[in-house]
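Here the structure comes first, spelled out in C-alpha cells, and everything after it is commentary.
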Amino acid sequence: MPHPPTPRHRARPALLAALLLALLVPAAAGCGRPGSPPVKGPTAADLPSYPVARDFSLPDSPTWTAAKRRGRLVIGVKEDQPYLGERDPATGTYRGFDIEIATMLAAALGFPEHAVTFRTVASANRETALQNGQIDLYVGTYTINAKRKQQIGFAGPYYLAGQSLLVRSDEHDIRGPQDLAGKRVCSVAGSTAYQRIRAQYPKAVLVAYDSYSVCVDNLLTYQVDAVTTDDAILLGYAAKVPDQLKVVGEPFSKEPYGIGMRRGDDALRFALDDALAAAERNGTWRKAYEATLGVSGMPPPTPPPIDRYPAT
Ligand code: GLU
C-alpha cells in the first residue's frame with residue numbers, strides 16, 4: 001500500500017546553505033530563461049509516494065538488520081545542491097532527486113519515510129561515514145569508481161552526470177577545462193571533480209571547500225573564476241541566478257551516481273539493485289526525476305545500466 005507523503009525533515013544547522021539562500025534568493029526573483037528550472041522547487045504535493053514493502057526481510061545484510069533493530073535507516077545526503085539534495089533551513093525538510101531515490105529505496109527495504117533519518121555528509125567524509133557506521137547508505141551525487149569500490153560498495157548507478165564548469169555570465173575566456181591555466185577554480189575536497197583538475201589540469205589554481213555552495217558564493221563575489229563539478233549540480237545553481245551564472249562547454253567526464261554502502265554487504269547491494277531496476281521499469285524512477293531534476297523541462301534520460309558486480 002502506498003505510504004502517504006510526509007515532510008522530509010531533519011534538524012541540522014545549515015549555515016552555509018542559509019547564507020547561499022540569502023545571497024541567491026533576492027537576485028533570483030523574476031528570472032527564468034528557457035530551459036532553466038523555475039526558482040521555486042517542487043512542492044510536497046508534487047512528489048511521488050513510494051509503496052513501503054511491509055513484509056520485506058534481509059537477514060543476510062548486517063546493515064539492514066542493524067537498521068531494523070534500531071527502527072531507523074540513516075541515509076547520508078547533501079543539503080546544498082539544488083534539485084538534487086537540498087535542505088530547507090526553515091523547516092529542515094530535505095528535497096531533490098537524490099532524496100527521492102533515497103526515500104524510494106528505503107521504502108523498498110521496508111522503511112517508511114518517518115523511519116528514515118537524513119544526515120548531511122560532505123563529499124570528503126562519505127567513505128569514512130559509511131565505513132564506521134555513522135550512516136547506513138549514502139545518496140548524494142556519489143560517483144561510482146574503482147578506487148571508491150575498494151573502500152565501500154555501490155548499488156546502481158541511477159543517473160549519469162558529467163563534469164562541467166560554472167562561470168559568471170560576464171566571463172568569456174573560459175569555455176572548457178583547457179582554458180583554466182592561471183584561473184582560480186573552486187571545487188570540493190574529496191570529489192572526483194577536484195581530483196580530475198588536479199591531475200589533468202595542473203596549471204589551474206585550485207581552491208577547495210567542503211561544499212559547492214561555498215564555491216558558488218566565492219564565484220559570485222569574484223573570489224574565484226570558475227566552479228567545477230557535475231553538470232547536474234552546476235545547472236541547479238545556474239538556474240537559481242541565470243542572470244549571473246552560466247554553465248559552459250561540454251561535460252568532460254562520466255559520473256555514474258551510485259548508492260554508497262558498507263563494502264561486503266552484498267545482500268543489501270543486490271536488494272537495492274533489484275529495487276532500482278523495478279523502479280526504472282515501472283515508471284517510479286521517472287516520476288521521481290520529473291518531480292525534481294526534471295522541473296527544468298529536461299526530458300527524463302534513460303537511466304544508465306545497473307552495474308551488478310559480483311560479490312566482494
Ligand atoms: N560526483 C562527484 C563525486 O562523487 C562530484 C560531486 C560530489 O562531490 O558529490 O565526487
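Both counts, for ligands and for their atoms, begin at 1 and track the order of listing.
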Write 'none' if nothing qualifies; otherwise put on separate lines each N/O atom of ligand 1 with a protein N/O atom under 3.5 Å away and their distance to 0.1 Å.
from     : atom 1 : to   : atom 2 : distance (Å)
ligand 1 : 1 (N)  : T141 : O      : 2.8
ligand 1 : 1 (N)  : T143 : OG1    : 2.7
ligand 1 : 1 (N)  : D230 : OD2    : 2.6
ligand 1 : 4 (O)  : R126 : NH2    : 3.1
ligand 1 : 4 (O)  : T141 : O      : 3.1
ligand 1 : 4 (O)  : T143 : N      : 3.0
ligand 1 : 4 (O)  : T143 : OG1    : 3.4
ligand 1 : 4 (O)  : R148 : NH1    : 2.9
ligand 1 : 8 (O)  : S123 : OG     : 2.6
ligand 1 : 8 (O)  : Y212 : OH     : 2.6
ligand 1 : 9 (O)  : K78  : NZ     : 2.7
ligand 1 : 9 (O)  : S123 : OG     : 3.4
ligand 1 : 9 (O)  : R126 : NH1    : 2.9
ligand 1 : 9 (O)  : T141 : O      : 3.1
ligand 1 : 9 (O)  : T141 : OG1    : 2.7
ligand 1 : 10 (O) : R126 : NH2    : 3.2
ligand 1 : 10 (O) : R148 : NH2    : 2.9
ligand 1 : 10 (O) : T192 : N      : 2.8
ligand 1 : 10 (O) : T192 : OG1    : 3.3

Legend entry - Pairing residues for Y159 by the ring-ring contact (aromatic ring centres under 6.0 Å, His included) criterion, not counting sequence neighbours: F97, Y257
Inset, instruction - Taking only Lys NZ, Arg NE, NH1 and NH2, and the carboxylate oxygens of Asp or Glu, determine whether R196 and E255 approach each other closer than 4.0 Å. - result: yes
Could you list the donor-acceptor pairs under 3.5 angstrom formed between side-chain atoms of residues 302-312 and any protein atom two or more places apart in sequence or on another chain?
from : atom 1 : to   : atom 2 : distance (Å)
D307 : OD2    : K149 : NZ     : 3.0
R308 : NH1    : D274 : OD1    : 2.7
Y309 : OH     : F154 : N      : 2.9
T312 : OG1    : G264 : N      : 3.4
T312 : OG1    : D266 : OD1    : 3.2
T312 : OG1    : D266 : OD2    : 3.4

Legend entry - Partner of L130 under side-chain contact (heavy atoms from CB on, under 4.5 Å), chosen from V121, N125, I152: I152
Legend entry - Polar side-chain atom of K68 near backbone of G110 as donor-acceptor pair, under 3.5 Å: yes
Inset, instruction - Output all residues satisfying side chain to side chain donor-acceptor pair (under 3.5 Å) with R198, sequence neighbours left out; order by chain, then residue number. - result: none
